[in-house]
Each structure stands twice: as structure tokens, then as C-alpha cells.
Amino acid sequence: MRISILIPTRDRLDYLRLSLASARAQRWNDVEILVSDDGSTDGTREFVRAVAQEDRRVRLMTGNPSPGVFSNVQYLVNQGSGDAFTVLGDDDLLDADFCALLAEPIERDTSVILSFTDYRVIDASGAHVEEASAQSSLRYGRAGMPGGEVQNPVVLALRGGIWMGFTLYRTSVFIEEPFDLECGTAADWDYAIRAARRGRIWFVPGRHGSYRDHRSTASRLGLRDAAELAMTVLQKHTFDDEAAESLRRALLRDAAKRHAFRTAPRGRSAARESLRLYLSLGGRRLNPHFMMTTLLLHLPPIVAGALQRLVWVASGSVARMRGAGVA
């Protein structure tokens, strides 16, 4: 089975050197490595061309017609020739056995449409952050998960347990599943949810890659609009499965509540609409978040904005104290 390792990149040459090296180190016989540069000005193209001269598996792609993270990923998917593909962040790393381990269930059973694994979290310098790794596994439902077929993949995808990275997709299934660019930086979450609805999914236990958490990580850059984008994704889907639909509604209710609070000072109409959605999904008027948002909507925008910032500072301080075991 041929595997395409797809690396979208822009202006991250120092990290890309390591990411590309981890792709080239795979213990799998038939690998192609496609690097799509999305307009770098840091020497990325020259570097990849030089690597391609010495490693024929590496190809530089520069023809993405519409710049952007997920349009770049989609461009790579369309250009690949593999039976399966994986998307590798230009700041992330694959263990040398990643392809071999994740290819096994897909190659063995044609009904398995994707396989995925857990990952360790590393910092900007590449040091393993053990606590963050453990928290990530627990938060996204991978902690203690047995290897093999996932019994309710939609629920896991809704929880964020399946995502674009550290996943191997069967190309014949996903070549016609384009990323929805309307979902912004949540397009990978939407993609995972759609993937979970397509067929059998396999989990390979252990951590077989490294996710680099740093200031310019794409997921961090999308935090500002996270609630609105979550609403966009969650309103696209409904599920017949009771557990999945219940979770979707709970996540949508929480996203609507957060979006209302964020937009209340200067986006009164959008905030009120989000509050109505929150209540329609069973949200409580006595919820502190709801009551604070209602207060913000009745204050002058400048005052509401100042109060909102105070709440954020206070909540951030409490979160840090809890993390340190103080509160």
C-alpha cells in the first residue's frame, strides 16, 4: 500500500526541517511526501527542492489555487497518489513506526476507512510535556481506550478524539470529502465528524507522534473565533444515535453561551440570537454565564467591554490557581 504524507506549510522552515525529517524516516517501503508551500518567504521552497534532489520520495507543490490552511490540505489530498494519506503539520513529528502501525488495519480489512493514534505534546523546543500529553488524552477521550475498532466513533469525534493529525485515511473514501472552508479553523473537526459517519474506524494504542504546542499553532490562532466556529460545525449535523445527538446539543448549547458572552459588548444582535439558541437547547437562565451576558447587554458598550475584560482576567487567574493547586 502506498502512503502519501501530506505537509502543508508556510514560513516555518525551522520546524519544517524536523517535520520533513520525521516523514522521511518512516519504516514503510512505499511512501511519497508532498510538501505544499503556501507562499513562504523564509527559504522554504529552496530547502524542499534541495531535499527532493536527494530523496525522490519528496515533491514540492506550489500550485494551491486558494491560499489558506485547509484549502492547502485539500490541494495536497487531490495531488497525492497514495492508497492512504496522512496530514502532517509542518511543526509536528511522526514516530518512525507511524505508517507501519496505522497502515496495518487498513491494509488488512477493506472496510476500515481510517486509523488513528494518540500523540505526545511537545513544547516549542521539542521537549515532551508529560502533563499536557496526559491531559490531552483524557480531555479528548483517548485515555485508556483499547486498541481496535471504535464502537461509537461519532461520539469520539464530537469530543475531539479524532482529528486531522496522526490519522491515516483511505484515499478512495475521502478523495471526494472536501474540507468545508466555511468552518474556518474548525474545518478539521467537521472533517473528523463526517469521517466518523462514513465507516469503520480503528484506534492504534500508544503515542506515535508529537504535537508541538506553541504560540503560532493553528489551533491557538483560531481561539478567538472558537465558539462561533463550533456553532457553525455543530449546526451542520444531526444524529439518529441518541448519545451522539445528546452530546451535539450539549456542545452547541455551551458554544452558544460562550459566543453570546464574547459578542455581547459590540455585537448585541448576534449575542441575543446566541442566547435564544442557548435557551432553546435547554440552557438555564440562572446560569452565571447567562446572567452575566444579560447584564452586559444592558450596559453601554464601553462599560460592557471593560467588565467583560475584568471577568476574563479573573477567570484566567482562578484557572491558573487551580492548575497550581491553590484554588
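If you're wondering where the values come from, they're calculated on a predicted model, not measured in any experiment.
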Salt bridge (charged side-chain N to carboxylate O under 4.0 Å, His left out) with Glu32: which of Arg24, Arg56, Arg57, Arg59?
-> Arg59

Return the orientation label for the Phe166 and Trp163 ring planes: parallel under 30°, perpendicular over 60°, tilted otherwise.
-> tilted

Can you sort out the partners of Glu182 under salt bridge (charged side-chain N to carboxylate O under 4.0 Å, His left out), two or more places apart, ordered by chain and number?
-> none

Backbone N/O of Gly126 and side chain of Asp123: donor-acceptor pair under 3.5 Å = yes

In residues 286-306, what donor-acceptor pairs under 3.5 Å come from side-chain atoms, sequence neighbours left out?
residue	atom	partner	partner atom	Å
Asn287	OD1	His289	N	2.8
Asn287	OD1	Phe290	N	3.3
Thr293	OG1	His289	O	2.8
Thr294	OG1	Phe290	O	2.9
His298	ND1	Thr294	O	2.8

Does the Ser210 side chain pair with the main chain of Asp92, one donor and one acceptor, at a distance under 3.5 Å?
-> no

So, the side chain of Thr263 versus the backbone of His259: is there a donor-acceptor pair under 3.5 Å, distance only?
-> yes

Would you check if there is a donor-acceptor pair between the side chains of Ser137 and Tyr119 at a distance under 3.5 Å?
-> no

Please indicate whether Phe47 has more than 12 foreign heavy atoms, meaning atoms of other residues, nucleotides or ligands, lying under 6.0 Å from its CZ.
-> yes

Over-ring placement of Arg142 relative to Phe203, 6.0 Å and 45° cut-offs = no

Sequence neighbours excluded, the answer for salt bridge (charged side-chain N to carboxylate O under 4.0 Å, His left out) partners of Asp90 is Arg12

Heavy atoms from other residues, nucleotides or ligands near CD of Glu54 exceed 12 (cutoff 6.0 Å) = yes

Kindly say whether the aromatic ring centers of Phe116 and Tyr169 come within a distance under 6.0 Å.
-> no

For atom CG of Asn29, decide whether the heavy atoms of other residues, nucleotides or ligands shown that lie under 6.0 angstrom number more than 12.
-> no

Minimum side-chain heavy-atom gap Leu93-Leu18 below 4.5 Å | yes

Heavy-atom pair of closest approach, residues Pro265 and Gln308 = CD-NE2, 3.3 Å

Out of curiosity, Thr238 OG1 to Leu252 CG, how far, rounded to the nearest 0.5 Å?
-> 12.0 Å

Which distance, rounded to the nearest 0.5 Å, do you find between the CG of Leu168 and the CD of Glu104?
-> 11.5 Å

Shared ILVMFWY cluster between Val154 and Val233, side chains joined below 4.5 angstrom?
-> yes

With a cut-off of 6.0 Å (strictly less than), are more than 12 heavy atoms of other residues, nucleotides or ligands near CZ of Arg139?
-> no

If we ignore angles and hydrogens, is there a donor and acceptor under 3.5 Å between the side chains of His237 and Asp190?
-> yes

Smallest heavy-atom separation, Cys183 atom then Thr232 atom, equals SG-CG2, 4.2 Å

Between Asn64 and Ser36, do the side chains contain an N or O donor and an N or O acceptor separated by less than 3.5 Å?
-> no

Can Arg120 and Ser133 be counted as having a side-chain donor-acceptor contact under 3.5 angstrom?
-> no

Report, as yes or no, whether the 6.0 Å neighbourhood of atom CZ on Arg108 holds more than 12 heavy atoms from other residues, nucleotides or ligands.
-> yes

